[in-house]
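These notes are about the structure you will find just below.
All of these numbers come straight from a predicted model, not from anything done at the bench.
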Amino acid sequence: MSKADKGKLPAQPSSNWAKLQKTLSPVEPKYKEKSTKQKKSEARRDFINSTKKTKPNGLGGISRYLGKSDFDRNDQSSSVPVAGPSKITVPAANDTKEDVILLPSPSDLPLVEELRILATGKNVLNESKKAPGNYIAIDCEMVGTGPNGSESCLARVSIVNYHGHILLDTFVQPREKVTDWRTWISGVRERDMIGAPAFEDVQKQVAELCEGRIVVGHAVDNDLKVLLLSHPSPLIRDTQKCKMLREKAKNKHPGLKKLSEMELGIRIQQGSHSSVTDARATMALYRLHKLEWEKQLHHTTEAYRAKVAKGKKTDTPAANGKRKRDDEDEEDDEDEGDEESTLQARKIKQFPGGGRKGISSGLGVIVRKNGKRVESGGGHREEKRSGTQTNGSGAGNWWDSV
């Protein structure tokens, strides 16, 4: 700026520019979306800050809850502690808050709307639709064990049927010492373990429900691994490995949250996860692509079922002893018939002279002596031997007289 311009006021905008500025809307600064790692770090930090409290009377672990007659998931007692024996009310796993946000539906098909309601758990079911059926969906929540919670241990398992009805939803006593409850993502708290059943009992229930049924899940191998169970691969439907869902998500390992939002128009896993909601969302995704999915795996599934049915039929014992004896008699008759047919086959295969194939019959050279047919059973060697003996006795050669 020159010395002559120092004392001058800044130029005022023209009247046209002033009128144009009034019509323009204010420009908002661009919002920079945070990365997934930043969101998780902030969520965990907020959770730790909100739940950080001093331990009453120096007690830790589940001991702080033993004097409360009832409590909710926000660590607030609903009644005043009273003297006398402790009365503990175990919070049920299915009482946890299920957060499902309905977004605009991606399709106008009635099936999509039905599955959206199924995922929220607000569908009305009659008694027939509450049975286990042939299809179940499973999801588990894990807590951390070992150094810095680096290993996973089962803490909650949920199983729903084809219509989203809860067949099993329970917390599980960890088999090892928990070093990280992962509450900000698993939704499991230390107090949830009060009165929770043992791992072996829950494992038995899950195994009975999975037996002979098609198991649906998202990365279901991880759930079966933490349950220490196995299931036949022809009876597993994994939404993470589904070819159709992979192509639509353009990802080799698509997440359940992304698939649910893209295919069903629902938003899940906003805060801590719920295994019931995840299992229902997985079942909804399977039902949406069931026809095409089952068409691809029809031969594999039917071949496995036929193999299992054949194995069971072979292992079935006889109805009574009489039937068993009859079967044995029939087997004996068959054995005798086989022996007779074998003997007949051997007779047919016999060769002239009584010999067998590949073995010398001992038939020698046929010659004539004094006009009569002479058969030498010893062959050339015997004839040579006989000729030698004749020469030795001085009788001359036998063929001279022929």
With a 4.5 Å limit on heavy-atom distance, are the side chains of [X] and [Y] in contact?
| X | Y | value |
| --- | --- | --- |
| Arg189 | Trp181 | no |
| Ile266 | Leu103 | no |
| Asp180 | Val143 | no |
| Ile138 | Val206 | yes |
| Gln173 | Pro197 | no |
| Ser272 | Trp184 | no |
| Lys204 | Phe199 | no |
| Val215 | Leu235 | no |

I'd like to know if the side chain of [X] reaches the main chain of [Y], judged simply by a donor and an acceptor atom lying under 3.5 Å from each other, with no hydrogens or angles considered.
| X | Y | answer |
| --- | --- | --- |
| Asp223 | Asp139 | no |
| Arg246 | Gln240 | yes |
| Asn123 | His163 | yes |
| Thr277 | Val100 | no |
| Thr183 | Val188 | yes |
| Arg213 | Asn134 | no |

Asn148 and Ser150 side chains, donor-acceptor separation under 3.5 Å: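 There is no such pair between these side chains.
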Taking every non-hydrogen atom, the tightest pair across [X] and [Y]:
| X | Y | result |
| --- | --- | --- |
| Asn161 | Pro132 | CB-O, 3.7 Å |
| Tyr304 | Pro232 | OH-CG, 3.0 Å |
| Pro174 | Met193 | CD-SD, 3.3 Å |
| Ala284 | Leu115 | O-CD1, 3.3 Å |
| Ser158 | Val276 | OG-CG2, 3.5 Å |
| Ala281 | Ile268 | CB-CD1, 4.1 Å |

Rounded to the nearest 0.5 Å, how far does [atom2] of [Y] lie from [atom1] of [X]?
| X | Y | atom1 | atom2 | answer |
| --- | --- | --- | --- | --- |
| Trp293 | Lys243 | CH2 | NZ | 13.5 Å |
| Cys210 | Leu229 | SG | CG | 7.0 Å |
| Ile214 | Tyr286 | CD1 | OH | 4.5 Å |
| Lys248 | Cys242 | NZ | SG | 9.0 Å |

Under 3.5 Å, which donor-acceptor pairs link side chains of residues 253-265 to any protein atom two or more places apart or in another chain?
residue : atom : partner : partner atom : Å
Lys258  : NZ   : Ala249  : O            : 3.3
Ser260  : OG   : Leu256  : O            : 2.8
Glu263  : OE1  : His289  : NE2          : 2.8

Under-4.0 Å salt bridge between Arg156 and Asp169: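 Counted as a salt bridge, because a side-chain N and a carboxylate O are separated by less than 4.0 Å.
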Please determine whether the number of non-hydrogen atoms from other residues, nucleotides or ligands lying under 6.0 Å from atom [atom1] of [X] exceeds 12.
| X | atom1 | answer |
| --- | --- | --- |
| Lys290 | NZ | yes |
| Glu208 | CD | yes |
| Glu292 | CD | no |
| Lys122 | NZ | no |

side-chain contact (heavy atoms from CB on, under 4.5 Å) partner of Arg175, chosen from Leu154, Thr145, Leu228: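 Going through the options one by one, the only one that passes is Leu228.
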Identified side-chain contact (heavy atoms from CB on, under 4.5 Å) counterpart of Asp278 within the set Glu141, His218, Met283: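 Going through the options one by one, the only one that passes is Glu141.
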Worked verdict on Leu167 versus His165 for side chain to side chain contact (heavy atoms under 4.5 Å, CB included): CA-CA 6 Å; Leu167 301 175; His165 176 69; 4.1 Å; yes
Pairs flagged by salt bridge (Lys or Arg N to Asp or Glu O under 4.0 Å) wherever residues 100-114 is involved - sequence neighbours left out: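 Sorted pair list: Glu113-Arg116, Glu114-Arg287.
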Criterion side chain to side chain contact (heavy atoms under 4.5 Å, CB included) on Val112 and Leu288, from CA distance to verdict: CA-CA 7 Å; Val112 176; Leu288 187 62; 3.9 Å; yes
